[in-house]
Amino acid sequence: MAKRLIPCFNRVLVEKIIPPSKTNTGILLPEASSKLNSGKVIAVGPGSRDAEGKLVPLCVKEGDTVLLAEYGGTEVKLDEKKYHLYDDHDILGSLHD
Amino acid sequence: MAKRLIPCFNRVLVEKIIPPSKTNTGILLPEASSKLNSGKVIAVGPGSRDAEGKLVPLCVKEGDTVLLAEYGGTEVKLDEKKYHLYDDHDILGSLHD
Amino acid sequence: MAKRLIPCFNRVLVEKIIPPSKTNTGILLPEASSKLNSGKVIAVGPGSRDAEGKLVPLCVKEGDTVLLAEYGGTEVKLDEKKYHLYDDHDILGSLHD
Amino acid sequence: MAKRLIPCFNRVLVEKIIPPSKTNTGILLPEASSKLNSGKVIAVGPGSRDAEGKLVPLCVKEGDTVLLAEYGGTEVKLDEKKYHLYDDHDILGSLHD
Amino acid sequence: MAKRLIPCFNRVLVEKIIPPSKTNTGILLPEASSKLNSGKVIAVGPGSRDAEGKLVPLCVKEGDTVLLAEYGGTEVKLDEKKYHLYDDHDILGSLHD
Amino acid sequence: MAKRLIPCFNRVLVEKIIPPSKTNTGILLPEASSKLNSGKVIAVGPGSRDAEGKLVPLCVKEGDTVLLAEYGGTEVKLDEKKYHLYDDHDILGSLHD
Amino acid sequence: MAKRLIPCFNRVLVEKIIPPSKTNTGILLPEASSKLNSGKVIAVGPGSRDAEGKLVPLCVKEGDTVLLAEYGGTEVKLDEKKYHLYDDHDILGSLHD
């Protein structure tokens, strides 16, 4: 079974971050507040090409924590693990502490 | 929990300005007059790219007060604070005293 | 309250000219004849960009009297005054005596 | 009241030619034959811009007699005279004796 | 009445060839076989422009016999004669003995 | 009656290959297996033009055996023979022994 | 009967990998887990062209194992073997151990 996927073009492979429904001390988090559609970038494609055929770098890189649009993303199962493949246009931005 | 969002491409992170419903002296403002869909720019992306792959600067910058189109904008919650993420094409212009 | 709006891209801020319904000598003007959808340009954006990222100058400038398309235009209230914000493609032309 | 309109972009101001319903000697012309949707060019815009921002000259000029597409054209009244404003793509060609 | 039409852009003025329904010796031709939607090129426009504003030559020239797409073409009457005005994209090719 | 068609732009004139329904030794071929939508290239156009007006060579040439998309293709009768005219984008590839 | 297909433009000929429904030791695999829409690249076209007419290399090459989008792909039978022809935009990425 294949372990690694190298995305094509401007696609980004993301492992979604499932926000904890409880705080460390066990208090139930209100459902809405914990819902940030985010994930970690596992792999990125080489980028799409501009009108002159040059590669256009992506807006995020491997290891980034990213905010995802509500829609978009294709579910991909590799070695029983669930990932999502996004066009980089559906990545809203990168999250930083 | 992440505190900062760096938008991708030509996106603009805006904190909406909620117009006061009363004047300083407490007089109720007529509902219509106080409704200017505006906000403060918190962060901007690097810009989108032109046909030759060069970055196209955005029309507004961090700290600007901006007039927003009636539609567009994706709600984003960071640290329990509500922001909106706009494409720069949905920013109508910058407001100045 | 903000007094000035600098439009983004190729947008044009226009103050509509309300045609008089009577002549100077008080004669009622037939409704149809007075209806020229025109206005005065209050402010213009920097312009949109061509495929090479260069700014494309607008077709009209501040102070011009312009003929407006029947549709298009977003109503904007600044300091209780009503303006309309147009894409420059919805400006049909400039009017001259 | 404004007397002259300078069109924007690739727009063409046309005064439609109303074909005579009778010959000079008073003979009624069959309705169909007299119906050539044509007009005289009163004013032209500077042209639209190509991908490199250069102005693209229009296909017709002031004074030309032109054949008009069946559709398109915005009616404009200037000093009680009726004109039509066309995109130059809706001008089929120029008519010559 | 105008006698000549110079088409705009990439338009082609065509006089349709009405295939004979009988052979020279008077034998009735089966209806289907005689139906080749073709015509003779009367006049061509200067061509449309590429992204750099350069004129793109048309694929056919005055005097060519051409095969026409089933659809497209605007009927134009000049001096009581019926012509059709095509975009050059609706000209399928040129016919040669 | 015209014998030759020179296609315009990126069009390809194809004579469809009707697969034999029997083998050489007369055995009936199962209907599905013989159904390869293919044909022989009779003539090609000069190609379409890129954004800089340069001709873009076609992907196939006269004499090639080609695999055709299920849809597309305009039927053309020349000298009682049936051909099909395709855009080169509807040619899936060339077939080789 | 033709044995080889050279795809046109940016098309990719793929032989789908039918995932085993049992492990080597005969244990039935849960239906969902074995369903990775993947295949082996048999042949690739020369690529499509950018705005300047230059060929744009494909994102995958002959021999790669690739992950396929759920949709897209045209079934093609060559010598009784079933293949699928994809636009390279419908190839999600390449799979590596």
Side-chain angles (χ1 to χ4, degrees), chain F residues 9-12 14 16-25 27 29-41 44-61 63-73 86-97, chain G residues 1-16 18 37 39-64 66 68-92:
Chain F
F9 302 114
N10 62 331
R11 292 196 179 96
V12 180
V14 171
K16 284 210 180 178
I17 296 169
I18 314 297
S21 55
K22 291 181 189 163
T23 63
N24 308 355
T25 56
I27 302 162
L29 278 168
E31 216 243 318
S33 77
S34 63
K35 271 275 175 65
L36 196 58
N37 192 12
S38 62
K40 197 165 164 230
V41 174
V44 293
S48 49
R49 293 180 184 271
D50 64 29
E52 297 184 347
K54 294 199 308 289
L55 278 175
V56 176
L58 273 79
C59 72
V60 290
K61 61 183 181 318
D64 279 356
T65 305
V66 291
L67 182 66
L68 304 165
E70 216 184 312
Y71 305 105
Y86 283 86
D87 272 8
D88 68 348
H89 297 289
D90 292 330
I91 308 274
L92 300 183
S94 54
L95 291 162
H96 306 264
D97 290 319
Chain G
M1 184 70 83
K3 288 172 205 61
R4 243 172 6 103
L5 172 71
I6 299 180
C8 274
F9 303 113
N10 62 330
R11 291 199 180 94
V12 180
L13 188 66
V14 170
E15 190 178 355
K16 283 211 181 177
I18 314 297
N37 192 12
K40 198 164 164 230
V41 174
I42 305 301
V44 293
S48 50
R49 293 180 184 271
D50 64 28
E52 297 184 345
K54 295 200 307 290
L55 279 175
V56 176
L58 274 80
C59 73
V60 290
K61 61 183 180 321
E62 207 175 298
D64 279 356
V66 291
L68 305 164
E70 216 184 312
Y71 306 104
T74 309
E75 192 182 288
V76 172
K77 265 200 167 174
L78 295 169
D79 295 350
E80 301 315 307
K81 250 181 129 181
K82 201 155 73 165
Y83 299 95
H84 285 80
L85 203 57
Y86 283 87
D87 272 8
D88 69 347
H89 297 288
D90 292 329
I91 308 275
L92 300 183

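Reckoned from all heavy atoms, side chains included, excluding hydrogens, waters and symmetry mates. Numbered from 1 within each chain, the chains take letters A, B, ... in sequence-line order.
Using a 4.5 Å cut-off between heavy atoms, F:Ile91 touches chain G through backbone and side chain atoms alike. G:Ile6 touches chain F through backbone and side chain together, each having a heavy atom under 4.5 Å away.
Within a 6.0 Å radius of NZ in F:Lys16, other residues, nucleotides and ligands contribute more than 12 heavy atoms. Applying the 6.0 Å contact sphere to NZ of F:Lys61 captures no more than 12 heavy atoms from other residues, nucleotides or ligands. Within 6.0 Å of CD in G:Glu70 there are 12 or fewer heavy atoms belonging to other residues, nucleotides or ligands.
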Item to complete: Apply salt bridge (Lys or Arg N to Asp or Glu O under 4.0 Å) to the pair G:Lys81 and G:Glu15, showing each step before the final yes or no.
Response: CA-CA 9 Å; G:Lys81 250 181 129 181; G:Glu15 190 178 355; 3.5 Å; yes

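With chain G as partner, the option from F:Val60, F:Asp88, F:Thr65 having the largest number of non-hydrogen pairs under 4.5 angstrom is F:Asp88.
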